[in-house]
Novice: 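First, the structure itself, so that you have it in front of you.
Quick note on labels: first sequence line is chain A, next is B, and so on, each numbered from 1.
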Protein chains: 2
Amino acid sequence: MSTISIKDIAAKAQVSTATVSYVINGTRNVSRKTRERVEQVIEEMNYKPNNAAQSLKRRRTNTIGVIAEDVTVFNVPEIIDGINDCADRLDMHILLTNLRLDKRIGRQFDQVDAYRKYAEDAVSELLGKQVDGMIYIGAHPRDLTGLFDTEGKPIVYTYCYTQNDVSIQYDDEQASFEAISYLTNKGHSRIAIISGAVDSMPSRLRLGGFYKAITAFELPFNPQWIKMGDWEAESGYRLAKELLESPEPPTAILAMNDVMAVGVMRAAKELGIQIPDQLSIIGFDNREFSEYVSPSITTMDLPLHEMGYKAMEALSHILQGEQVETGEKPVCKLIERDSVAELAN
Amino acid sequence: MSTISIKDIAAKAQVSTATVSYVINGTRNVSRKTRERVEQVIEEMNYKPNNAAQSLKRRRTNTIGVIAEDVTVFNVPEIIDGINDCADRLDMHILLTNLRLDKRIGRQFDQVDAYRKYAEDAVSELLGKQVDGMIYIGAHPRDLTGLFDTEGKPIVYTYCYTQNDVSIQYDDEQASFEAISYLTNKGHSRIAIISGAVDSMPSRLRLGGFYKAITAFELPFNPQWIKMGDWEAESGYRLAKELLESPEPPTAILAMNDVMAVGVMRAAKELGIQIPDQLSIIGFDNREFSEYVSPSITTMDLPLHEMGYKAMEALSHILQGEQVETGEKPVCKLIERDSVAELAN
DNA sequence: TCCTTTATGTTAAACGATTAGATTTTGTTC
DNA sequence: GAACAAAATCTAATCGTTTAACATAAAGGA
């Protein structure tokens, strides 16, 4: 049991505890001779400073709280990995709180009140734990404004949208713009889009990117090609059927997530439509399965690691009293697979 | 900033700090009148005890360190979720350390020395943080014996095998036995198995379950039906080809993970063999994609949540000086999907 | 009435570090 | 070797709790 304290070191090295502390932290000059002596004793006794005592005195714990809506949702681990990557370099530690929202209240993304309690409890716990700051990881991107009273401790949000707080989110508009751009490069112009739940921020922004793209590339505009899904496979299936059975079927469909893209594929299969030869599909999220289904799905990969990293970076800047420069948004990257084909004229 | 201390509460409630402490912790009788007064002041001032000070005095932090080999590997988040679920109930907190092994040294599962450094650093950090104990989560099941010196702090392992320490692992033997049992119920008797890397513990144990099953059910034994893969899709593909092109092809294949099962499916497709009509497949892991590929893969679901929960439970028992009863191993469950068919005679 | 419990409080010493400010040692210069 | 400055080291207060030891008042028993 690591029950040796700075006093033991001081005694054995025949110096005061102050000197030992100075050696450890390099906060004052210590002669080479004593420094080496102290260091050797520390080594010998395998001494590690007691973090609780340090935190108490220093009034900072070098620990941040990470609140995850649900660690088992696909995007969360990768974001945690990013946070961790950065935290390691900054010598920060992560106190993880998992809200388990998917298990506790399901996927009712709009029911803010329902999880308010869980989130508030989590924040309160973390504050008691004296974290220096917090990062909130959404499991499903959406609005989340002024939810928490963090009693002055900084909090950075990621994978969600907030109004007054710092929030790290990828560029939704750019993502759908790039997807459409890729399709036009492949010769497509009759492009349909299946959105996620239409009241959600990412749906709105990605639709914005879509409009921007069809304007920029002067594509034909057909309101029938804009369908409102709900993120679930079933809606992808149903809406793809509508699209493909309509008098003016599109040659390509952009689904706002891979799950709906799978629904689209199922619809196409039922109608005897070959993918990608007769219909091209692009998804979103680069879910693991999108690589394994056949054909594999071309999809927009989300910069999850980067988001986590940047969130930690931003938090660290805030903690050091620096201004947080809200630079370029992290950007999605198209992963080319087998669900898109060059359009034969 | 939560800069109010127990002294402020004591002053405002006109009692000593001791009394406040007794009220908070219920460690001694306090008259109803003063108790209520103190509680009201605490409420009013929104006071939260300083955890660093508590930890220092109590010599325990109510915090455990969780060391994950790589949080982005499929099994890890679910295990963390289980740990978290239990920790919540015990009022314990989780300090997460992510070794990022997959990124840092790839999937060389056998190169124990390569990550020893990372793991030791992690343990050392956590000890400095004064965690009460630790849980180690493997990302790939394998032997891991006597790796860490935790200076007397208890450590529980999960998703890996150890010799002297407490380790929570599911029942590998039962899992493959059950898979074979299911296949025989469906009328299969010519059953092949594609193992993972043969020097790994789970491969060996699952082969044990396989042998047990063919003995118990008196199935024909053909050494050609036992193939040694390496967990990767390519090996599933290659070995399935060997099996299917042999003079005595099996009617069912048990692959020791879903990734290899996908390889098997690819091989079957190339050979024009219909799944499940001409060949049944069972995988392992219940990976997300196994539900989305077509046909969807019947697979053994690992009790990950339960493992996490039990690991936390075991650690808590150790911390309370209780004996850890190594009860039943968590058990895998077969998920019926579309890759297995009743064998037509 | 006196003594013993019991209930309720308070005082003050830890826990193990950090860090002003005081003190001692060393080095430099004449 | 004296005088002084600079460098090295030490003393002791402090961070915010917990808790053993002690103090006091009220209650109960003879």
Novice: Are B:His93 and B:Asn62 close enough that a side-chain donor and a side-chain acceptor fall under 3.5 Å?
Specialist: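 No pair is found: no donor N or O on one side chain lies under 3.5 Å from an acceptor on the other.
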Novice: Strictly by modelled atom types, are A:Glu36 and A:Gln40 linked by a side-chain donor-acceptor pair under 3.5 Å?
Specialist: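 A:Gln40 and A:Glu36 do not have a side-chain donor-acceptor pair below 3.5 Å.
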Novice: Using the side-chain heavy atoms of A:Pro49, tell me which of these nucleotides is nearest: C:dA17, C:dT19, D:dT18.
Specialist: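 The closest nucleotide is C:dA17.
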Novice: So, is B:Thr19 close to the C:dT10 phosphate, meaning a side-chain N or O under 4.0 Å from OP1 or OP2?
Specialist: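 For C:dT10, OP1/OP2 do have a side-chain N/O of B:Thr19 under 4.0 Å.
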Novice: Is the phosphate of C:dT19 approached by A:Ser21 (side-chain N or O, under 4.0 Å from OP1 or OP2)?
Specialist: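 The answer is no; no side-chain N or O of A:Ser21 sits under 4.0 Å from OP1 or OP2.
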Novice: Do we get B:Arg100 above B:Tyr118's six-membered ring, with its NZ or CZ under 6.0 Å from the centre and within 45° of the axis?
Specialist: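 No, B:Arg100 does not sit over the ring of B:Tyr118.
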Novice: Looking at A:Ser16, I'd like to know whether one of its side-chain N or O atoms comes within less than 4.0 Å of OP1 or OP2 on D:dC10.
Specialist: yes
Novice: Please state how far atom NZ in B:Lys57 lies from atom P in C:dA12, giving the value in whole angstrom units.
Specialist: 16 Å
Novice: What is the separation between atom CZ on A:Arg32 and atom C1' on D:dA7, rounded to the nearest whole Å?
Specialist: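 Atom CZ in A:Arg32 sits about 16 Å away from atom C1' in D:dA7.
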Novice: So which one's nearest nucleotide on DNA chain C is more toward 5', B:Lys33 or B:Ala53?
Specialist: B:Lys33
Novice: Output the rounded distance in Å from NZ (A:Lys48) to P (C:dA17).
Specialist: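 Distance check: A:Lys48 NZ to C:dA17 P gives 12 Å.
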Novice: Taking only side-chain nitrogens and oxygens of A:Arg59, does any of them come within less than 4.0 Å of OP1 or OP2 of D:dG16?
Specialist: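 Yes, A:Arg59 has a side-chain N/O under 4.0 Å of OP1/OP2 on D:dG16.
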Novice: Any side-chain N or O of B:Gln54 under 4.0 Å from OP1/OP2 of D:dT18?
Specialist: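 Affirmative; the distance criterion is met.
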Novice: Can you tell me if A:Asn29 touches the phosphate of D:dA8, counting only side-chain N or O atoms and a distance under 4.0 Å to OP1 or OP2?
Specialist: yes
Novice: Is the distance from OP1 or OP2 of D:dT9 to the nearest side-chain N or O of A:Thr34 less than 4.0 Å?
Specialist: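 A:Thr34 to D:dT9 OP1/OP2: side-chain N or O found under 4.0 Å.
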Novice: Starting the side chain at C-beta, find the nucleotide from D:dA8, D:dT17, D:dT11 nearest to A:Ser31.
Specialist: D:dA8
Novice: Just list the side-chain donor-acceptor pairs under 3.5 Å for residues 310-319 of chain B, sequence neighbours left out, or say none.
Specialist:
unit_1, atom_1, unit_2, atom_2, d
B:Lys310, NZ, B:Glu306, OE2, 3.2
B:His317, ND1, B:Glu313, O, 3.4

Novice: Between C:dT18 and A:Asn25, is there an OP1 or OP2 to side-chain N/O distance shorter than 4.0 Å?
Specialist: yes
Novice: Less than 3.5 Å between a donor and an acceptor, one on the side chain of B:Tyr22 and one on the base of C:dA7, is that the case here?
Specialist: no
Novice: If you compare all heavy atoms of A:Asn51 against all heavy atoms of A:Thr61, which two are closest, and at what distance to 0.1 Å?
Specialist: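 The answer is ND2-O, 4.4 Å.
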Novice: Ignoring the backbone of B:Lys7, work out which of C:dT18, D:dC10, D:dC15 is nearest its side chain.
Specialist: D:dC15
Novice: The side chain of A:Leu56 lies closest to which of these nucleotides: C:dA12, D:dC15, C:dA17?
Specialist: D:dC15
